[in-house]
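Reading through the structure tokens given below for one structure.
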Amino acid sequence: MEIYKFAQETILEAGRFIRRRMTEEFNINSKKNPNDLVTDVDKETESFLNDTIQKRYPEHRIVGEEGHGRDITDTEGVLWIVDPIDGTLNFVHQMENFAISVGIYIDGNPYAGLILDVMKGDLYHAAFEHGAYKNDQLLPDIEESHLASSLISTNTNWVIRDGINVPFIQVVRDARSTRSLGSAALEFVNVARGTSSAALFFRLHPWDFAGGAIILKEVGGLTTTLLGDELRLLDTNSIIAANRTIHGEIIEHFRKDEPFIKNHKAFHRL
Ligand code: IPD
Ligand code: CA
Ligand code: CA
Ligand code: CA
């Protein structure tokens, strides 16, 4: 549990770094397209996490969205998968609703997941088979629910995208209603807290789901691809994070749509 304790202290320190840093000026740049933003604060926070972890544990390896560990292709040893700011668009536009996400895996097996809601100051954390917590309060197991009486979360980008959208549309129609927060890590947290019953994504990177999947499992939830397959830790995956009942209902929609399956295979290089 020494690494778990250290991870809690480190993510809280990184949160204090962001809160201090965002009161000063920072640059905002776009990456792959004009809506894909990155700020100096994303990069500096990832460097802070990387340097702090490497100083204490030089043998550990770190993969981060902003470039650390891009050459890592295996899951041997202790691997930290970090997103310094998950929800950069929220960070830029709202100055809230963003998180730091950390997933720690040992030889490819889940060890601990941590998500800090930076502006609320709430730390969600879980060590494998030791339960999930909001700060020092144990989270109860989530309740089972059916689509028809559930709030689910997904991004409208997937619902309007030709070639993959038919099952998304069906799921949205069958659900009580949908929400979209703009931080995958905090969407995982909402499922783990029971304020949302499922979160769906056509494509997420390892740093978007590595922490959340561990936290959700500790409260009885399930994370797989939208076709119900196990996640590949170092690849992009489609994602459903949900209670087990609604998970079964939703993946049925995706499994029977041939165009979705074809596009899924092409996108995810299965
Ligand atoms: C993004 C957010 C967003 C999700 C995107 C992610 P970023 O992460 O989690 O909610 O829909 O797929 O890339 O870029 O803000 O760290
Ligand atoms: Ca990003
Ligand atoms: Ca992210
Ligand atoms: Ca990010």
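Note: hydrogens, waters and symmetry copies are ignored here, and every other heavy atom, side chains too, is used. Whatever order the structure lists ligands and atoms in, that order sets their numbers, starting from 1.
Remark: aromatic rings of Tyr124 and Phe188 are distant, center separation not under 6.0 Å. A distance of 6.0 Å or more separates the ring centres of Phe128 and Tyr105.
The N, O or S atom of Asp83 lying closest to the Ca ion (ligand 4) is OD1. The N, O or S atom of Asp86 with the smallest distance to the Ca ion (ligand 3) is OD1. For the Ca ion (ligand 4), the nearest N, O or S atom contributed by Glu65 is named OE1. When you scan the N, O or S atoms of Asp208 for the one nearest the Ca ion (ligand 3), you land on OD1.
Ring planes of Phe260 and His264: tilted class, angle from 30 to 60°.
Across Ile169, Val171, Leu226, a single residue satisfies side chain to side chain contact (heavy atoms under 4.5 Å, CB included) together with His253, and that is Val171.
Checking Trp207 against the Ca ion (ligand 4), every N/O/S atom stays at or beyond the 3.0 Å cut-off.
Here the straight-line distance linking atom CD of Glu46 with atom CG of Asp51 works out to 10.0 Å at 0.5 Å rounding.
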